[in-house]
Amino acid sequence: MTWLFGPFLLAGGLISVLALKPDSFTAFNTQTSFNVNVPLGLSGLSTQGAGGFDCPQSSAIHPTLHRELNEKLNGIYGTEGFKSKTYETLGGAIRVPTESYDGMGPVGKDARWKVFSGLHTFLEDRFKRLYSDLVVTKVNTYGLVFHWQGSDDSLLPILLTAHQDVVPVEPITWNEWTHPPYSGHFDGTWIWGRGSCDDKSSLIAILVVIEELLNQGFTPKRTIVVAFGFDEESAGTAGAGQIAKYLETRYGRDSFATLLDEGSGFQKVAGGDVIFAVPSTSEKGYTDILVEVSTQGGHSSVPPKHTSIGILSSAIVAIESSEHTPQLLRNGTPFATYQCIAEYGPDIPDSLRKLVKRAAEDDDALDQLKWALIDVDPINSAMFGTTQAVDLIRGGVKVNALPESASAVVNHRIAEHSSVVEVRKHLTQVLRPVAEAFDLTLDSFGVNVTEGSRGRLTIGTAFGAVLEPSPVTPTGLSGPYAILSGTIKATLEGSEVHPSKSVVVSPMLAMGNTDTRFYWNLTKHIFRYAHFADDDAYNGYHTVNEAIRAEALIEEIQFLTTFVLNWDEATI
Ligand SMILES: *[C@@H]1O[C@H](CO)[C@@H](O)[C@H](O)[C@H]1NC(C)=O
Ligand SMILES: *[C@@H]1O[C@H](CO)[C@@H](O)[C@H](O)[C@H]1NC(C)=O
Ligand SMILES: [Zn+2]
């Protein structure tokens with residue numbers, strides 16, 4: 001993930017609410033899962049709905065046609081030989097330090113990209129069968145696309161994605177690592193190193209699954225496409241940006257049945273008895289806005305009452321005094337998440353549970369609920385609304401010269417229900433009185449909103465950073481969401497790493513962005529989910545001591561295998 005948000009931070013408010021002490025005991029409605037012995041299809045799935053009205057749950061879905069194969073592979077995955085080979089594979093991938101930086105030059109010009117060819121050599125050597133049997137396409141040199149042709153062209157292919165790059169390791173933190181960041185060391189429980197969680201575990205898991213399926217002589221009915229970008233942690237444009245164009249040209253618009261990328265995982269609550277899996281079904285938007293004040297310069301001995309810097313300060317005060325009001329909407333993803341928590345959260349206070357229920361119909365209750373949830377955890381305010389943060393400031397060149405210009409950059413994460421235009425309008429309204437008070441022309445995105453005589457206040461895009469909130473993936477039980485949910489449940493049912501009494505799957509809004517932002521044209525069914533628990537990461541993402549629970553990597557492989565086989569049987 002980029003933008004410094006690990007998947008579990010993404011679930012912030014959710015964790016707090018799930019962890020609230022109950023103010024009265026409420027019996028938890030235990031779920032039963034069952035094996036569905038019908039081929040997956042629209043009709044098959046629609047009969048599987050079980051559980052709460054407000055948070056429909058799919059049952060566990062196990063492959064039926066491919067049941068023996070799935071069981072055989074699970075047997076192989078459980079062997080010590082397979083495990084140690086897999087741990088060593090992830091270790092090997094970690095040992096290639098594929099760091100990506102902001103402001104990289106083009107591939108072929110900037111020598112820092114070359115390290116990716118080292119990763120390719122490693123993968124080619126380790127996954128010989130996959131490289132020889134699948135069609136391998138390199139996009140913009142380091143982007144990797146694997147095509148595994150299915151026998152039935154009437155079925156839309158599935159797309160599995162991950163990224164090859166990692167965030168750089170801060171040199172001054174090097175000695176804080178228990179095991180060196182590019183060691184790939186396996187200590188008996190954890191596999192250590194930058195990329196172990198984000199995102200080489202998923203990348204390796206995908207390749208392992210395909211290699212193992214090939215080894216078993218599996219031939220897919222439904223085409224499988226795998227794509228690995230290489231600059232997700234920076235711009236994303238050289239990797240997934242180019243891959244997206246290639247895929248749209250090669251396969252067409254809306255040409256994939258589903259897309260599974262990195263993202264959130266699952267949370268264990270009630271001492272691990274209940275698991276909440278929270279695939280992200282949408283992402284917030286993003287924009288950086290430059291606010292610049294330009295006034296006349298001159299000698300500092302005869303200053304005006306307010307310099308550009310002083311005026312910019314007023315502008316910043318105005319911005320920070322007018323936050324976007326968070327909105328909890330009934331048709332939005334955050335409300336859906338809290339409906340699931342109210343329906344199935346074992347420990348949440350009864351009053352909150354009732355409030356969620358009432359909020360489904362009652363506007364006052366919805367408003368009360370919004371503030372109650374923000375009160376429980378302020379992160380909910382970021383979940384429900386557009387956030388703004390003044391993150392950069394610049395102005396002045398010399399102590400005896402009046403600053404001719406001063407500027408700040410305001411970072412925005414745009415609410416699911418909002419848009420870039422709304423953010424721009426908001427800022428324009430907030431800054432208009434400032435421009436008028438200081439007699440400045442207000443130029444908002446190229447339009448003079450007010451005219452003034454003492455200078456300019458300009459609002460514009462910084463760094464070209466403009467991203468609308470993503471489309472929202474449908475979560476009906478007759479579509480791809482059910483296959484993902486059912487696969488998550490099937491995997492956790494037999495889990496030795498994460499034993500639980502019941503599993504709930506809930507959609508969630510991601511507050512950061514992934515490579516999927518380039519893939520919107522390819523399918524409406526985008527899921528950002530990796531099958532890892534909150535405690536499978538030793539210390540979070542993008543920081544020191546990144547390490548992943550080795551056994552959890554095996555379970556991710558089981559999950560992906562079942563996912564691929566379930567999709568191969570599905571008729572949607
Ligand atoms: C905006 O106003 C400035 C003067 O402050 C002027 O030079 C410019 O041409 C105007 N732009 C537009 C688009 O009207
Ligand atoms: C999606 O398609 C639209 C319309 O063809 C195009 O303008 C846009 O660039 C595409 N988006 C991406 C991320 O490729
Ligand atoms: Zn990532």
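Side chains are part of it too, since the values below use all heavy atoms of this structure and drop only hydrogens, waters and symmetry mates. Start at 1 and go down the list; that is how both ligands and their atoms are numbered. Position 1 is the first residue of the sequence; numbering continues from there.
- Separating the CZ atom in Arg222 from the CG atom in Leu156 is a distance of 7.0 Å, to the nearest 0.5 Å.
- Remark: Asp102 pairs with no residue by the salt bridge (Lys or Arg N to Asp or Glu O under 4.0 Å) rule, at least two apart or across chains.
- Atoms of ligand 1 found under 4.0 Å from any heavy atom of Thr441, numbered from 1 in the order shown, are 5 (O).
- Checked against a 6.0 Å centroid threshold, the rings of Tyr131 and Phe146 count as neighbours.
- For Lys524, the NZ atom is loosely surrounded, since the number of other residues' heavy atoms within 6.0 Å does not exceed 12.
- Those atoms of ligand 1 with a heavy atom of Arg456 less than 4.0 angstrom away are 2 (O), 3 (C), 4 (C), 5 (O).
- Every residue two or more places apart in sequence or in another chain that forms a side chain to side chain donor-acceptor pair (under 3.5 Å) with Glu99 is listed here: Tyr101, Tyr182.
- Near ligand 2, Arg253, Phe518, Asn521 each place a heavy atom less than 4.0 angstrom from the ligand.
- Evaluation of the side chain to side chain contact (heavy atoms under 4.5 Å, CB included) rule for Ser485 yields Ser58, Tyr481, Val505 as partners, not counting sequence neighbours.
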The test is side-chain contact (heavy atoms from CB on, under 4.5 Å); show your working for Phe230 and Val107 and say whether it passes.
CA-CA 11 Å; Phe230 57 92; Val107 172; 3.8 Å; yes

